[in-house]
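All values below come from the heavy atoms of this structure, side chains included, with hydrogens, waters and symmetry mates left out. Model, not experiment: these values are computed from the prediction.
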Amino acid sequence: MVAVAVLGAAGGIGQPLSLLLKLNANVTKLHLYDIVNVPGVGADISHIATNAEVKSFLGAGQLAQAVSGIDLAIIPAGVPRKPGMTRDDLFKINAGIVKTLVEAIADNSPRAFIAVISNPVNSTVPIAAEVLKAKGVFDPQRLFGVTTLDVVRASRFVRDLRPSADAAALRVPVIGGHSGNTIVPLLSLASTPVDLSAEETKELTHRIQFGGDEVVKAKDGAGSATLSMAYAGARFADSLMRAIKGETVVEPAFISLAADTEGAQEIRQLGAGDLEFFAVPVELGPTGVKRIAPLGGEPSEFERVAIGVAVGALATNIATGVNFVQNA
């Protein structure tokens with residue numbers, strides 16, 4: 001059984017994520033942390049008739065307690081994206097938040113698994129890694145950027161085009177990063193073959209890459225993708241908890257390729273080169289990253305070009321995160 005902390009539990013993602021985790025039978029302790037409103041969220045969720053024990057922690061003075069004795073920390077903390085705001089704009093605000101939270105985890109639960117949702121993931125995960133390195137507790141197998149939403153969207157959007165597809169069962173590998181054109185859906189390698197024209201492939205790829213913009217626009221200034229992201233975060237957490245118990249589970253994640261240097265060779269040869277971080281399908285196990293799962297085939301030429309575009313942007317995103325910590 002697993003003790004989980006949600007850091008940013010009173011936010012738009014944090015509240016539905018905490019609710020979904022309270023419903024998960026693998027969760028025995030659920031620590032909810034935020035700088036505002038979290039006592040009410042905790043009281044509300046604690047009334048749900050499952051066995052997980054809920055505790056709330058409010059403000060910086062209670063952060064150390066919130067992350068003590070935990071097995072998994074999930075970080076959705078930060079400000080949401082608003083119309084006209086890029087993930088780079090978000091970085092200026094969210095970088096410091098993630099740094100502070102990961103420092104507390106490193107000091108109080110250094111062996112905890114860390115799942116970062118806070119955007120821009122392409123930069124916040126490198127921030128987390130640099131903090132853990134500075135504290136002498138970095139384990140590349142235990143740090144994840146949650147990119148599950150990209151796979152969730154890919155499966156659902158395929159069904160929008162092909163209603164005979166089973167969105168719940170379909171798996172489309174999505175590699176690269178977690179923003180815009182760094183997101184590379186490998187539609188040609190879907191778990192069930194999907195017959196798409198070149199134009200459909202192009203349009204569907206763009207929709208998957210910029211699906212978040214659809215939600216930001218539809219909410220008209222009232223927020224970004226919170227409910228679907230909470231679902232994706234809860235799915236990733238569930239997969240990790242099942243893997244801890246011995247199941248073989250594959251989920252996408254933005255990870256340090258040092259977690260599996262041998263498995264990373266396929267991705268590096270496809271164009272990732274010497275990048276330290278990349279989103280890949282991950283076979284999870286009791287220690288986190290068991291291995292990088294094979295893609296199961298050769299990407300199409302269209303997809304290879306997209307990988308090249310993603311790599312250029314990712315190099316900048318990763319460097320931004322690393323430099324933020326090193327120059328702090």
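- By the 4.0 Å N-to-carboxylate-O rule, Glu251 lies close enough to Arg235 to be salt-bridged with it.
- Residues Arg291 and Glu283 are paired through a salt bridge, judged by an N-O separation under 4.0 Å between the basic side chain and the carboxylate.
- No side-chain donor-acceptor contact under 3.5 Å links Asn94 and Ser118.
- A distance of 9.5 Å separates CD of Gln209 from CG of Asp150, quoted to the nearest 0.5 Å.
- Defined by atom type and a distance below 3.5 Å, a donor-acceptor pair is present between the side-chain atoms of Thr226 and Lys219.
- With no hydrogens or angles considered, a side-chain donor-acceptor pair links Asn122 and Thr182 at under 3.5 Å.
- One finds the CZ atom of Phe236 at 14.0 Å from the OH atom of Tyr231 (value rounded to the nearest 0.5 Å).
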Contacts table for residues 306-314: side-chain donor-acceptor under 3.5 angstrom, sequence neighbours left out:
none

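- When all heavy atoms are compared, the tightest approach of Gly177 to Ile183 is O-CG1, 3.6 Å.
- Here the side chain of Asn327 pairs a donor or acceptor atom with the backbone of Asn323 at under 3.5 angstrom.
- In terms of heavy atoms, Ser188 sits closest to Glu303 at OG-OE1, 2.7 Å.
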Discussion item. Pair Glu200, Arg162 - check salt bridge (charged side-chain N to carboxylate O under 4.0 Å, His left out), show working.
Written reply: CA-CA 11 Å; Glu200 286 175 323; Arg162 298 289 184 271; 2.8 Å; yes
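- Side chains of Glu53 and Thr28: no donor on one and acceptor on the other come within 3.5 Å.
- Among all heavy-atom pairs drawn from Glu266 and Leu295, the shortest one is OE1-N, 3.3 Å.
- When every heavy atom of Ala112 is checked against every heavy atom of Leu72, the shortest pair comes out as CB-N, 4.4 Å.
- Nearest heavy atom pair, residue Leu20 against residue Ala230, reads CD1-O, 3.8 Å.
- Classification of Glu130 and Lys99 as a salt-bridged pair fails, no side-chain N sitting under 4.0 Å from a carboxylate O.
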Distance-only donor-acceptor hits, side chain of residues 59-71, under 3.5 Å, sequence neighbours excluded:
residue, atom, partner, partner atom, Å
Gln62, OE1, Leu58, N, 2.8
Ser68, OG, Ala64, O, 2.6
Asp71, OD2, Ala3, N, 2.8

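- Taking the six-membered ring where tryptophan is involved, the planes of His31 and Phe57 are tilted, since the angle between them lies from 30° to 60°.
- For an aromatic pair to be called close, the ring centres must be under 6.0 Å apart, and Phe254 with Phe144 fails this.
- With respect to the salt-bridge test (charged N to carboxylate O, under 4.0 angstrom), the residues Asp213 and Lys217 do not qualify.
- Here the shortest heavy-atom pairing between Val289 and Pro140 reads CG2-O, 4.3 Å.
- We find that Glu298 and Arg304 are joined by a salt bridge, their nearest charged nitrogen and carboxylate oxygen being less than 4.0 Å apart.
- Classification of Glu199 and Lys202 as a salt-bridged pair fails, no side-chain N sitting under 4.0 Å from a carboxylate O.
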Worksheet item: Does the pair Asp274 and Arg268 meet the rule for a salt bridge (charged side-chain N to carboxylate O under 4.0 Å, His left out), with working shown?
Response: CA-CA 7 Å; Asp274 60 357; Arg268 294 197 184 282; over 6 Å; no
